[in-house]
Number of protein chains: 2
Amino acid sequence: MEKKSIPDIVVGRLPLYLRSIQRMAQEGRKVTSSQELGERLGISAAQIRKDLSQFGEFGKQGTGYQINYLINQLSKILHVDRIWDIAIVGAGDVGNAVVRYQGFANRGFRISMIFDNDPAKIGTQMGDFIVRNTANLIEDIREQNVKVAMIAVPANQGQKVADQLIKAGVKAILNYAPISLYVPADVYVQYIDPAIHLQRMTYYLD
Amino acid sequence: MEKKSIPDIVVGRLPLYLRSIQRMAQEGRKVTSSQELGERLGISAAQIRKDLSQFGEFGKQGTGYQINYLINQLSKILHVDRIWDIAIVGAGDVGNAVVRYQGFANRGFRISMIFDNDPAKIGTQMGDFIVRNTANLIEDIREQNVKVAMIAVPANQGQKVADQLIKAGVKAILNYAPISLYVPADVYVQYIDPAIHLQRMTYYLD
DNA sequence: TAGATTGTTAATCGATTAACAATC
DNA sequence: TAGATTGTTAATCGATTAACAATC
């Protein structure tokens, strides 16, 4: 009997739930409800209960959800009950911002290497790292068994870098280059393009 | 008679269509089809035709879509047939990356000011701008009639900054702070949080 | 013309919501 | 206990797809 498959749209909301209850925990809160969580996120309480119920019974009638317990469960579900090493490709302004980003702490990730193909940058310090040569990308990533990477290079180099990452065994790519990538079915891609997000809003402005 | 309302999920795909055909134009292409565009984006041809047909008839049977014409039409629909000034709040690493970002050219946006509340940063140069004092945010933004802003401050300052932006008349906020914002119904928010995107992928990894 | 591709309809598929029994 | 809130079902709502007449 197959494990029933969870809709991707549900998976996409779980990290929001996790972020929100982690914040509640920081605030010293111990218990929450689907209603409170929904108000914080702008999502209906029914949807939150339905989403969570796909994975188990995490709450108690009458009282709600123990925050610490739900954090643990969601972390396991999302596989961030461990630390994923991340490789960054591109040591420009975006790569620089990500390599120094403090927001990965307690969220399951840490930067472990950064690459560039510019001789002027290779070997220099960036954040806590020495910029590596993209020419060695495949062997370096393979050697350290890195499975998650970020692409922070210009659009015209994005696909080439993606191809190398895939060859190196990377299975999850966060792409800051403003292009769609072609990848095999067992590789996951997420996109961050500020202009795309902005255009989604200007539609509604006059 | 009311103008029929377009689903937000459709609006969300239009910027992807626009980016893709702008890229085709750069490649020297003149004409495309819903099928080709769909292959580039991993979206079905039927969906692309249906989405576009919500706004008019932009193609010709047998031949497809004139790229330049479709770029013009989509730019108008998304209101990027003009240049929107953008204010950035937060002159840390993320603010620095965004203020220098070259990717807004031809996409309807330009950075016009950046703020920080750190006396060590106020008055210094960042990219093409002098960092302004967040204390003057409301008057500065009002004076220049800026309607679009980005939040690039720590999580615990995000809501406070959002409240100021709204008071200043901003209607669209791209939020890099890892929190959900409360905003009035006439203000639009989009979120960029790399950890959220990464967790969406690690779910599928083992 | 013959071939290709649109715009659109109807059918299918999937996601959200409302409601409530169960139960803490 | 009485009140509150879950987990779940069924109904509703919305989005996607398949198919094809229209037509370039």
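Chain identifiers are assigned alphabetically (A, B, ...) following the order of the sequence lines, protein sequences preceding nucleic acid strands; residue numbering begins at 1 within each chain.
Remark on DNA chain C: of its neighbouring residues Arg49(A) and Asp51(B), the 5'-side contact belongs to Asp51(B), judged by nearest-heavy-atom nucleotide. Annotation: of the two residues near DNA chain C, Pro7(A) and Tyr65(B), the 5′-most nearest-nucleotide partner is Tyr65(B).
Residues satisfying the side chain to side chain donor-acceptor pair (under 3.5 Å) criterion with Gln157(B), sequence neighbours excluded, are Asn117(B). The side chain to side chain contact (heavy atoms under 4.5 Å, CB included) test applied to Asn136(A) returns Asn133(A), Glu139(A), Asp140(A), not counting sequence neighbours. For Glu36(B), the side chain to side chain donor-acceptor pair (under 3.5 Å) criterion is met by Arg29(B), Thr32(B), not counting sequence neighbours. Contacts of Tyr101(A) classified as ring pair (Phe, Tyr, Trp, His ring centres under 6.0 Å), with partners at least two apart in sequence or in another chain: Phe104(A). Every residue two or more places apart in sequence or in another chain that forms a ring pair (Phe, Tyr, Trp, His ring centres under 6.0 Å) with Tyr188(A) is listed here: Tyr204(B). For Arg23(B), the side chain to side chain contact (heavy atoms under 4.5 Å, CB included) partners two or more places apart in sequence, or in a different chain, are Ala155(A), Asn156(A), Ile179(A), Gln26(B), Glu27(B). The side chain to side chain donor-acceptor pair (under 3.5 Å) test applied to Asp93(A) returns no partner, not counting sequence neighbours. With sequence neighbours excluded, the residues that form a side chain to side chain donor-acceptor pair (under 3.5 Å) with Asp193(A) are Arg19(B), Arg107(B).
For DNA chain D, if you chain together Watson-Crick or G-U pairs that step i with j, i+1 with j-1 and so on, the runs of at least three with distances under 3.5 Å are C:3-24 with D:3-24.
Residue pairs meeting the side-chain hydrogen bond (donor to acceptor under 3.5 Å, both in side chains) criterion with at least one member in residues 64-88 of chain B, sequence neighbours excluded: Asp85(B)-Arg110(B).
In summary, the side chains of Ser180(A) and Arg40(B) do not present any donor paired with an acceptor at a separation below 3.5 Å, with no hydrogens or angles considered.
The nucleotide range of DNA chain C contacted by chain B, defined by atoms under 4.0 angstrom from heavy atoms of the protein and reported 5' to 3', is dA4(C) to dT9(C).
Residues from residues 11-27 of chain B with heavy atoms under 4.0 angstrom of DNA chain D, sorted by number: Arg13(B).
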